[in-house]
Amino acid sequence: MNNNFITMKKILPIFILSLTILSCTKTQFEDRVKNTGSIDVSNYVSVGNSLTQGFQDNGLYAETQAWSYPALIAQQMKLANPNMPDFKQPMAIGNGSGYMHLEFIDNEITPIRPDDPTYGGPYREDPTWPDWQDYVKGPKYNNLGIAGIQLRNAIGLDNNQRIYNHVFLDGISTLNIQGNPYARFLDWGDSPLLFGTPKEYVDHMRESNATFFTNWLGNNDVLGYATSGGDEGEFTIPFVGTFKASELTPVAEFRQKYDSVLSALTVNGAKGVCATIPDVTSIPLFNTVTLESLGKDIWIYENDGSTKRLAEEGDLILLTALTEIEDNGKGTENDPLPHTLVLDKAEAKRAQDHTILLNNEIKGLAAKYGVPVVDTYEILKTFESGMKMSGIDLNIKYVEGGLFSLDGVHPNPKGYAIVANEFIKVINQSYGANIPLIDITRYRSVIFPN
Amino acid sequence: MRKIFTVGILTAFSFELLAGGFQINQQSHKATGMGGAFTGLCIDASSIFYNPGGLYKLKGHQFTGGFTLIDPHVSLQTDANDNIDQTTGNATPFHFYYSGQFINEKLRIGFGVNNQFGSSSSFDDDWEGRFIVQNIGLQTFMFQPTVSYAILDEKLSIGAGFVYTAGNFHYEKGVPLASKDNEYGKATLSGSGNAMGFNVGVFSTPYKLEKEDYVFSVSVGLDYRHKLKMDLDNGNVDFTDIPSSLRDKFPESTGFTSSLTLPAVASGGIALTYEKPEKIKVDLLYDLTRTFWSSYDTLAFDFENADTPDSKTPKNWEDVFVHRIGLNITYKEFISVRGGIYMDQSPIPDGRVSPELPDNSHTGYTAGIGVNITDNISVDLSYLRSAFERPNASLTTEGFTASYRRIVNVYGIGINVKFGENKTTEAPSIE
């Protein structure tokens, strides 16, 4: 027995020693090398509309503006280059313009507008909002996104256009005409209506000294038409002329202006990324109120409102028409829905066709300037039939779809994070960069009521 | 300005329960040391599990019991995160077998208890895949009364066991619904169920060469363990931190039914044994195992609450082969040194790799020693190591892609006790 135990005493330590050597358990991955490739991020400038400004829930407010897609891109760039300066945005204060939220009323989840007398309270316009310009005007911003702006407002091709753009952006204080409230963080120069020299959006781009840019302009050149139910929004400026605020921007004009924008942004040799216009008819604003969801026939005014007929499959009733239908009894033969609340079949087709034409221009001009394109048109299409990301169901449905905010047009924080990732993927691919993608699970979708 | 609007039905939640080979193969520490090849060899009572046909070889009354410590290490890398570690703790499955000789030389009656399937995985609370899985665990206990009979003595013996299984699982994941108070909600599922099956085996030593100073023999064995369909009729799910406006769909608590199929396993093994009595004994083993994972095709949860969307997840796993090779060298009937290797095919096709139990085809290595402390008591130690990487593996149903690294160290200790062997032995010397 003794011998046996001696043998065992010899073998056991060897066995245990070899276990210790073998049993290394390091599985951790090393941190990947991060860099911004061939781009210079010392002055990243973003231009665009409400999507770029960080607008959502039909408002601009501090909480979510901080998560605008350009801010998110910059946040990730900073991980790759910690020396990158802070990305400056003209921040709304508190509730900013006020924003929509959901309430649980009579067992129904109900979107509430900020001016709702009963429930709007905590979400209504911030007291600072009327004088927001006093807080934000002056400094140079990285995010130049302006809610509501169309590409064609970026530059005037003649004096009338310059007058119109200036009125749209800055208003005419002497005539008490309000400008675009979301454009107040920039100086627009003097009104050409009063023979002054205006400062145009392209001037801001040129003077931004961008070293890198993202440009997602063009959506409103179609969306404005679509959200007006195909109404071209004619209005008159006294002594100047009649303008169409929401007509589809003609292709030739779009081409010329997009060229000017890219020329201004690249004046110092900046590299950048452009993005296409998504199919505006894929957004919840147009797909939520349907004949099926209403469960009844709806009468509508077609075209400019001259003819009435029964709505049929393919006519897109705006989300905003719901109040008119449910509360005000519209949509009957005697009281059809006004044409501004319906993008009828023919108008929808026009908007869709026009989007494709404008996207061809975007792609062509971007190629001319050697700028890669984020094809948001194709990306939104992939969500139409629904998909999952990190275990989260995402589709284009209103509220429950997880991508759009309560206005049915703009993404929610998670949607913006997904947009930012798409930009980062293109930057990485085109400029040899290695900017980490965003963990989209860290950003919420809509907030459901308690 | 109030707008009446009804939110439609939220998309069904899928539950990715146990998407990984969750078979526990360490059912004897002799076998584990030898790559798990044990169908063609019968040297202790663990043959109750590996091949009840071979119990004829065990004389008298024999007991084998053991503990296993499974120490898994899993890391992930995603597009957004450089490194994520599972926080999974160790698992400690056990086994116990008894084989007894009754009535005559040819009959054995035995019993076995073990954990044949199981797994547990957990992650930090805020990890990227929390809407797929946060924590998950499955435990199964198998109880197997067994009868074995040597029809033609060494030439042919058979055995069969009735298998009763009791299992339980828990599963926790995030529910991506935000409210003012909570960034997201949580679903915690738990359930238990049982199943019945059987384990049958055939054993034969068709060739035996007995010379003056050595014996050489060839043994073969076949074993089939039937699938175990566990019905989970009494499942319960708790939804916490859910916005109260969605309580219709995600109540505080509701029941569910589901079922889980533990796959059938068929093995064939061969053992070549060379023995110089009282000097040295060498066993060379080969096993081929087929695990019928394709029976695990769909996992469905049917919730009691009518508004909670039912869930059905296609698994589409594949049947797999495992090759096992083992070697045992026993010196002077006292100490045994063992080594083994196994080549494991993953049942999980591309596009079905889930973060809680990533798997990949890999080769594992095993080692073991056994010591006969007395003629009646012996101890076995075993060690198994499996390590693999699986780059850019997706779980397409959840939209999740990661690169995986997994290292598992498995340590085992077993003890064997026997008495009543009908064999002349010297009394153990006590000094």
Side-chain angles (χ1 to χ4, degrees), chain A residues 1-2 4 7-8 11-12 15 18-19 22-32 102 104-105 107-113 115-120 288 293 322-323 326-327 386-393 395 397-400 402 436-441 444-450, chain B residues 1-11 13 16 71 73-83 85 128-132 173-174 176-181 183-184 243-246 331 334-335 337 365 367 369 371 381 383 385 397-400 403 405-407 409 411 428-431:
Chain A
M1 216 59 196
N2 258 343
N4 284 347
T7 319
M8 196 163 80
I11 290 179
L12 250 173
F15 188 74
S18 40
L19 284 192
L22 271 168
S23 58
C24 149
T25 53
K26 186 176 155 34
T27 52
Q28 279 83 5
F29 289 86
E30 300 291 324
D31 283 358
R32 281 165 290 202
L102 293 172
F104 195 45
I105 305 166
N107 270 320
E108 285 191 51
I109 293 170
T110 309
I112 303 291
R113 300 191 59 90
D115 52 5
D116 184 284
T118 317
Y119 300 99
T288 305
S293 77
L322 199 61
T323 319
E326 301 260 322
D327 295 356
M387 66 186 284
K388 273 199 161 190
M389 294 175 101
S390 297
I392 303 170
D393 280 297
N395 59 59
K397 282 190 200 157
Y398 187 53
V399 179
E400 69 193 83
L437 294 184
I438 296 166
D439 176 354
I440 62 139
T441 67
R444 63 164 175 83
S445 296
V446 302
I447 292 178
F448 285 93
N450 275 325
Chain B
M1 280 301 283
R2 188 180 140 201
K3 282 187 284 185
I4 308 298
F5 187 81
T6 311
V7 176
I9 294 163
L10 286 147
T11 324
F13 284 76
E16 284 291 331
D71 177 26
H73 296 263
V74 182
S75 297
L76 293 73
Q77 183 170 75
T78 65
D79 279 341
N81 283 300
D82 281 331
N83 186 68
D85 293 331
E128 193 181 340
R130 61 195 177 280
F131 301 115
I132 304 166
K173 63 178 259 175
L177 297 169
S179 66
K180 247 180 165 176
D181 308 323
E183 283 174 49
Y184 57 92
S244 38
S245 56
L246 293 171
Y331 177 68
F334 167 62
I335 188 152
V337 179
Y365 303 92
I369 54 174
V371 178
L381 300 175
Y383 170 70
R385 179 180 175 84
T397 50
E398 298 290 333
F400 188 79
S403 293
R405 282 185 191 158
R406 188 178 78 168
I407 293 177
N409 286 312
Y411 309 92
S429 56
I430 298 158
E431 293 171 44

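Since this is a predicted model, take the numbers as computed values, not measurements. Convention: sequence-line order gives letters A, B, ...; per-chain numbering from 1.
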Most contacts with chain A, counted as non-hydrogen pairs under 4.5 angstrom, among Ser245(B), Gly129(B), Gly399(B): Ser245(B)
Could you tell me the separation between the [atom1] atom of [X] and the [atom2] atom of [Y], rounded to the nearest 0.5 Å?
X: Leu437(A); Y: Asn81(B); atom1: CG; atom2: CG; answer: 10.5 Å
X: Arg405(B); Y: Lys26(A); atom1: CZ; atom2: NZ; answer: 7.0 Å
X: Asp82(B); Y: Asp31(A); atom1: CG; atom2: CG; answer: 4.5 Å

Is there a side-chain contact between [X] and [Y], using heavy atoms and a 4.5 Å cut-off?
X: Thr78(B); Y: Asp439(A); value: no
X: Thr397(B); Y: Lys388(A); value: no
X: Ser403(B); Y: Phe29(A); value: yes

Please report the closest heavy-atom contact between [X] and [Y], naming both atoms and the distance.
X: Asn450(A); Y: Ser244(B); result: C-OG, 2.5 Å
X: Gly391(A); Y: Ile132(B); result: CA-CG1, 3.7 Å
X: Phe400(B); Y: Ser390(A); result: CD1-OG, 4.0 Å
X: Thr441(A); Y: Glu128(B); result: CG2-O, 3.3 Å
X: Thr25(A); Y: Asn409(B); result: CG2-ND2, 3.2 Å

Contact leader toward chain B among Pro449(A), Gly402(A), Ser293(A), Pro436(A), where contacts are heavy-atom pairs under 4.5 Å: Pro449(A)
Largest heavy-atom contact set with chain B, pairs under 4.5 Å, which of Met389(A), Met387(A), Arg32(A): Arg32(A)
Glu183(B), CD atom: more than 12 neighbouring heavy atoms under 6.0 Å: no
